Amino acid sequence: MFKRKNIITLLSLLIVCVGTNIASAHQLKQAISTVLFNPRTSNIEVMHRFEIHDAEHAVKQIFDGSADIIGSQDTQASFAQYVVERFAMFKADKTELSLKMVGFERSGKHFWVYQETPAPDFLAGLYIQHNALRDIWQSQTNTINVEGKGDIKTLTFSDNIEMLEVTFKHH
Amino acid sequence: MPIILQLTFEDGSTDSMYIPAEIWRRTPNAVSKLIVTQKDQVLASVTVDPRWETADVNIENNHYPRRIIPSRIEAYKSKPRSGKVNRDIMQDIKTELKSDESKDDADES
């Protein structure tokens with residue numbers, strides 16, 4: 001009898017575990033950003049794309065339980081501010097490029113944050129830091145594509161990576 | 001992948017063409033195709049994959065004559081689209097009415 005009870009407890013525990021796994025499966029905990037050198041405007045344009053489901057849970061952790069990324073303009077603005085505070089680009093001599101916030105928008109199942117800065121005349125490379133959401137979730141992975149300067153270069157921020165570097169070839 | 005072409009003629013009429021993927025069989029890097037039209041139909045512009053149905057990584061070279069594709073930030077800064085194309089019905093449900101009365105109620109009273 002005692003044994004059977006044990007098995008039932010074990011089974012119900014298993015079901016609970018599986019259940020929570022399913023519940024959290026919708027969050028991707030992944031974000032993708034594009035750093036685009038735009039020749040038409042000669043700006044460096046930074047576009048961050050977050051999954052709305054990630055952002056929904058994130059704002060409740062970062063701010064408070066009533067934060068609402070879908071309906072509330074204030075939450076969207078403060079989340080965008082949170083993102084830009086955790087993203088930085090440095091020139092090869094480690095001086096920071098000051099990025100201007102352009103805006104943010106919710107589009108379908110994604111939340112976008114836009115930043116830009118005039119592109120310097122000469123740029124040998126960039127050091128990039130992207131810590132958004134990585135301070136609350138250990139498994140958060142941020143990917144950056146650097147486009148418009150030769151081949152597309154991809155940087156992936158995961159685990160304990162703090163800063164990554166891209167170099168550009170000048171012909 | 002198949003090549004989907006949209007041909008626009010000088011008189012404003014359009015025609016779409018679906019070229020099956022087998023066209024790539026012998027020359028996988030580049031293919032050419034001769035398009036023959038009626039004598040009175042003069043080709044004005046061509047668009048490859050106008051509805052983004054194929055997995056194309058570069059959409060900037062899909063138009064002839066060449067067209068500038070704005071980046072996401074450029075599009076964000078430009079004027080928002082008017083009209084109700086792409087409206088989000090789920091969000092519309094939450095829109096508050098200006099007055100509680102519906103049209104039918106007003107007619108009755």
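Here is the naming used below: chain letters follow the sequence lines, and residue numbers restart at 1 for every chain. Predicted model, so just to flag it, every value in this text is computed and none were measured.
- Under the 4.5 Å side-chain criterion, counting only non-hydrogen atoms from C-beta, B/Arg72 is not in contact with A/Arg49.
- Neither the backbone nor the side chain of A/Thr34 has a heavy atom closer than 4.5 Å to any heavy atom of chain B.
- The same ILVMFWY cluster, assembled from side-chain heavy atoms under 4.5 Å apart, contains both A/Met89 and A/Leu164.
- Considering CD1 of A/Ile152 and CG of B/Asn58, their distance stands at 8.0 Å, rounded to 0.5 Å.
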Next on the checklist: As a quick check of understanding, evaluate salt bridge (charged side-chain N to carboxylate O under 4.0 Å, His left out) for A/Arg40 and B/Glu74, giving each step before the final call.
Outcome noted: CA-CA 10 Å; A/Arg40 288 189 294 280; B/Glu74 284 174 291; 3.0 Å; yes
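- Taking all atoms of both residues into account, the shortest heavy-atom contact from A/Val46 to B/Ile73 is O-CD1, 3.8 Å.
- Within the 4.5 angstrom heavy-atom criterion, only side-chain atoms of A/Arg106, from C-beta onward, approach chain B.
- Hydrophobic clustering places B/Trp24 together with B/Met17 (ILVMFWY residues linked when any side-chain heavy atoms are closer than 4.5 Å, directly or through intermediates).
- Two different hydrophobic clusters hold A/Ile32 and A/Leu155 under the rule that ILVMFWY side chains link at heavy-atom gaps under 4.5 Å.
- Judged purely by atom type and a 3.5 angstrom limit, B/Tyr76 uses its side chain to pair as donor or acceptor with the backbone of A/Phe104.
- Within 6.0 Å of atom CD in A/Glu85, more than 12 heavy atoms from other residues, nucleotides or ligands are found, so the atom counts as buried in its surroundings.
- A salt bridge between A/Glu116 and B/Lys77 is present, with a side-chain N of the basic residue lying under 4.0 Å from a carboxylate O of the acidic one.
- Taken together through direct or relayed side-chain contacts under 4.5 Å among Ile, Leu, Val, Met, Phe, Trp and Tyr, B/Met1 and B/Ile23 form parts of separate hydrophobic clusters.
- Cluster membership for B/Leu97 and B/Ile93, using ILVMFWY side-chain heavy atoms within less than 4.5 angstrom, is not shared.
- Remark: B/Ser71 OG to A/Leu36 CG distance equals 5.5 Å, nearest 0.5 Å.
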